[in-house]
Amino acid sequence: MFFPNVLYGPNEKFYELSIEKADSRSLEIDKISEEKKLFIESQLKEILDNSKKYLQKNYSIHEMSKDSGIPFYLLSQHINKVLGTTFLDLVNSRRIDECCSMMESGEFKNITLEAIAKECGFSNRNTFIAAFKKFKNMPPSQYLKSTKLGNEIGPIDEI
């Protein structure tokens, strides 16, 4: 027997969707109601903009599914088809934006870039540098130097 409330929590909005046959995983995001699309968007906004769960180290789409009450396959389809990105790129772009905000604010000017990266959910420096270059087209040390605070901070660790 299939118990969606055990798997996904007692979320009534997705109850009727969850009890469909196992074939429903191939359900296209285009075929769900506008109400459900809006619900997915509101849950993503809550997680990404308000609670900033992506700052947790190793945050996964399964954890996002649990936090939002939306089955992970629907989240994945929404992120891929509606937002036009992947889960990893979505999370990493948000993390990089958070790192840039921290660098620009100046309140973290006495810690290393690596420490800022860890504060933003990156588990290692290579992932951080690769993501930073992908989304900002420059390494984090160069970005910090390009901010007006970069001159006030002193020597920058080259990571």
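Just so you know, residue 1 is the first one in the sequence shown, and it goes up from there. For clarity, every value in this text was computed on a predicted model and none was experimentally measured.
In this structure, NZ on Lys37 lies 11.0 Å from CG on Leu74, to the nearest 0.5 angstrom. Within the model, atoms CD of Gln142 and NZ of Lys133 stand 9.5 Å from one another, a figure rounded to the nearest 0.5 Å. The CD1 atom of Ile70 lies 10.0 Å from the CD atom of Glu41; values are rounded to the nearest 0.5 Å. Rounded to the nearest 0.5 Å, atoms CG (Asp67) and CG (Leu75) are 10.0 Å apart. For the atom pair SG of Cys120 and CD1 of Ile96, the computed distance is 7.5 Å after rounding to the nearest 0.5 Å. Annotation: the span from Glu35 atom CD to Ile40 atom CD1 amounts to 11.5 Å, rounded to 0.5 Å.
Nearest heavy-atom pair, Met138 versus Ser146, reported as atom, atom and distance to 0.1 Å: SD-OG, 4.4 Å. Closest non-hydrogen pair, Asn80 versus Thr86, comes out as OD1-CA, 3.7 Å. Here the shortest heavy-atom pairing between Leu113 and Pro140 reads CD1-C, 4.0 Å. Nearest approach of Asp89 to Phe135, heavy atoms of both residues: O-CZ, 3.5 Å. Between Ser60 and Phe87, the shortest heavy-atom distance links the atoms C-CZ, 3.4 Å. Taking each heavy atom of Cys99 and Ala117 in turn, the nearest pair found is SG-CA, 4.2 Å.
The closest donor-acceptor contact from the side chain of Ser65 to the backbone of Ile61 lies at 3.5 Å or more, if one exists at all. Between the side chain of Ser76 and the backbone N or O of Phe72 there is no donor-acceptor pair closer than 3.5 Å. Side chain of Ser123 to backbone of Lys57: no donor-acceptor contact under 3.5 angstrom is found.
Taking hydrophobic clusters as Ile, Leu, Val, Met, Phe, Trp and Tyr residues chained together by side-chain heavy-atom distances below 4.5 Å, Leu88 does not share a cluster with Tyr54.
In this pair, Phe132 and Tyr143 present their aromatic rings perpendicular. The plane angle is above 60°, beyond the 30 to 60° band.
Remark: Glu63 does not engage Lys53 in a salt bridge, criterion side-chain N to carboxylate O under 4.0 Å. Using a 4.0 Å cut-off between charged nitrogen and carboxylate oxygen, Glu98 and Arg95 do not count as a salt-bridge pair.
Between Glu119 and Leu55, the closest side-chain pair of non-hydrogen atoms is not below 4.5 Å.
Every side chain to side chain contact (heavy atoms under 4.5 Å, CB included) that Asp49 has, sequence neighbours left out, goes to Lys45, Arg94.
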